[in-house]
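In each ligand, atom 1 is the first atom listed, and ligand 1 is the first ligand listed. We number each residue from 1, following the sequence as shown.
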Amino acid sequence: MKQTSNTKKRALLIGVNLNNGEEFEHSMKELASLTKACHYEPVGMITQNLPAVHTALYIGTGKVSEVKETAAILEADLLVFDNTLTPTQLRNLQAELELPIFDRTYLILEIFKERARTKEAKLQVELASLQYMLPRLVGMQTSLGRQGGASGSLSAKGAGEKKLELDRRYIEHQINGLKKDLEHISTERNTIRKKRNTSAIPKVALVGYTNAGKSTLLNAFVDCYLQDESKKVLEKDMLFATLDTTVRKITPDAGNSFLLTDTVGFIDKLPHNLIKAFRSTLEEVKYADLLLEVIDFSDENHREHMLVTSSTLKELNAGDIPVLYIFNKADKRMDAELLPKVTENKIYISAKKGIGIRELAEEISRLLFSSYVDCTMRIPYEEGNISSYLLETARVKSTDYQPEGIFMELSIRQPDYEKFRDYCL
Ligand SMILES: Nc1nc2c(ncn2[C@@H]2O[C@H](COP(=O)(O)OP(=O)(O)OP(=O)(O)O)[C@@H](O)[C@H]2O)c(=O)[nH]1
Ligand SMILES: [Mg+2]
């Protein structure tokens, strides 16, 4: 899909404005970003105000010829529609407009396809695109047929239909195979997660709209507390830079470790198939003790982005997990000396400049470890597993190795205190 700038395919963007709101303008801007992320060049935009989309054509009948003329004038190579086209709309439009037609979902799938790195992410994207393709085979075939200059004879048509049926069966077979592979990976992931659960280190997940700065924040934590460049992840000014889940153990101070997970970003109208396909990756979110919702505070649409994030979280059954709101990129809107700013459940930081990372870690610790109990325990040497568990999960203020056992001055989570209170002095 990669092309050099002078050979980039030219895309004409088409949108239907249903509520005359500002939202539409933002959504068209986002469509242009998605188009660019697919390495196409947006060369023009046609919009139409309608009370409802046209069932058969998406845009109004009269608008179709305007699109045709404009595409010719602008020498467009392809057309990009702002919303998911139904299979019927795609087929009808394809018959009227003799250019390749893409929609928002298709672009997102293409970007995911290009960015997927791990085996699991690749399978997930493959599954989502086959599911998208299956009901649209007819529309896609028409376009292929036209490009190939197929004859309109009856026999040719019969052969086409046969091929279509074979394609359909083949794709269904592929879909089933992919689902099985993914289930298998998901079982493995559960085993790993269970192992992690027994270590009782609280889990914190970074969530939020794509490009908000989640990966940059993970890297800022690595800079601050791990100082190991190899533990860093990709951060980049593009939509969907991250598709794979990464987990890092962060230890701001003794005993206060937590596991920090970076996840795939959300977007408005994220194709449903993709959410389903990425469900196992995003399960990390469901099992988190705390969510860090990263918001691009410098983006004028950040409020809409927050709504999208909260509805996506609900869809992932993660709507009840406590959230700490992180207004990131605050360096673009506020004076540096005013940062970081911490309020009730909000914190204003700059992940890129490393401003507010320690304050954020304190907030995380407060939220995760506030139900801690201070005590002193004597752990016999034969209970080595308990002492190592405590060293890993509790705040250990001092350890003293005496003949009768290890004396530990601790700040320990309430449930662990109940569990080990027999060892308390
Ligand atoms: N000015 C400024 N830029 C930032 C800040 N944090 C992140 N960025 C930039 O925002 C862009 C996106 O950052 P990422 O960390 O890749 O965003 P993400 O949320 O992981 O995005 P996806 O993985 O695509 O969902 C990068 O170009 C970062 O350099 C910040 O605090 N200030
Ligand atoms: Mg990222």
Side-chain angles (χ1 to χ4, degrees), residues 30 33-39 107-118 121 124-125 204-224 229 231-248 250 260-271 274-275 278 281-282 284-285 291-302 304-306 308-310 312-313 316 323-342 346-361:
E30 198 166 79
S33 304
L34 288 167
T35 306
K36 282 187 208 149
C38 266
H39 314 293
L107 294 184
I108 294 176
L109 286 168
E110 283 298 297
I111 299 168
F112 271 61
K113 233 185 242 176
E114 189 184 289
R115 308 272 156 84
R117 289 287 170 269
T118 60
Q124 285 165 330
V125 181
V204 178
L206 290 159
V207 293
Y209 213 73
T210 177
N211 216 38
K214 298 176 291 300
S215 303
T216 309
L217 183 55
L218 180 109
N219 289 341
F221 270 107
V222 171
D223 262 341
C224 212
E229 285 297 312
K231 295 272 191 265
K232 288 197 171 177
V233 294
L234 171 75
E235 51 175 81
K236 209 171 168 191
D237 187 15
M238 66 181 179
L239 303 181
F240 303 117
T242 306
L243 288 192
D244 304 311
T245 307
T246 308
V247 185
R248 295 285 177 262
I250 307 291
L260 185 62
T261 305
D262 186 20
T263 58
V264 57
F266 304 153
I267 196 166
D268 195 11
K269 298 178 246 167
L270 187 65
L274 264 183
I275 297 191
F278 271 75
T281 307
L282 286 167
E284 297 291 328
V285 172
L291 300 179
L292 304 183
E293 179 173 336
V294 184
I295 299 142
D296 180 349
F297 185 46
S298 70
D299 191 317
E300 54 182 15
N301 301 321
H302 68 270
E304 287 78 26
H305 294 174
M306 289 173 78
V308 170
T309 303
S310 71
T312 313
L313 287 173
L316 292 166
V323 181
L324 177 59
Y325 296 94
I326 299 166
F327 290 82
N328 188 35
K329 309 198 191 180
D331 54 293
K332 284 173 135 181
R333 284 194 51 175
M334 293 159 81
D335 282 339
E337 55 270 24
L338 295 174
L339 295 172
K341 193 172 123 193
V342 189
K346 293 184 196 155
I347 175 162
Y348 295 77
I349 64 155
S350 168
K352 194 170 173 182
K353 300 204 160 155
I355 303 174
I357 308 306
R358 288 186 189 276
E359 290 78 0
L360 174 56

Name each donor-acceptor pair under 3.5 Å that joins a side chain in residues 327-340 to protein atoms two or more places apart or in another chain, with its distance.
from: Asn328; atom 1: OD1; to: Ala351; atom 2: N; distance (Å): 2.9
from: Asn328; atom 1: ND2; to: Ala212; atom 2: O; distance (Å): 3.1
from: Lys329; atom 1: NZ; to: Asn211; atom 2: O; distance (Å): 2.9
from: Lys329; atom 1: NZ; to: Asp296; atom 2: OD2; distance (Å): 3.2
from: Asp331; atom 1: OD1; to: Ser350; atom 2: OG; distance (Å): 2.9
from: Arg333; atom 1: NH1; to: Phe297; atom 2: O; distance (Å): 2.9

In a table with atom names and distances, give each donor-acceptor pair under 3.5 Å that connects a side chain of residues 352-359 to protein atoms at least two apart or in another chain.
none

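Lys214 places no side-chain N or O within 3.5 Å of a backbone atom of Thr261 that could act as its donor or acceptor partner. Under the 3.5 Å distance criterion, the side-chain polar atoms of Arg248 are matched with a main-chain donor or acceptor of Lys231. Proximity of a side-chain donor or acceptor of Thr242 to a complementary backbone N or O of Glu235 within less than 3.5 Å is not detected. Asn219 places a side-chain N or O within donor-acceptor distance of the main-chain N or O of Val233, the cut-off being under 3.5 Å.
The two residues Phe240 and Thr210 have their closest heavy-atom pair at N-OG1, 2.7 Å.
With respect to Asp223 and Lys232, a salt bridge is recorded, a charged nitrogen being found less than 4.0 Å from a carboxylate O.
Lys269 NZ: more than 12 foreign heavy atoms inside a 6.0 Å radius.
Residue-and-atom listing of protein N/O/S atoms under 2.8 Å from the Mg ion (ligand 2), sorted by chain and number: Ser215 OG, Thr242 OG1.
Residues with a heavy atom under 4.0 Å from ligand 1: Thr210, Asn211, Ala212, Gly213, Lys214, Ser215, Thr216, Glu235, Lys236, Asp237, Met238, Leu239, Phe240, Ala241, Thr242, Gly265, Asn328, Lys329, Asp331, Lys332, Ser350, Ala351, Lys352.
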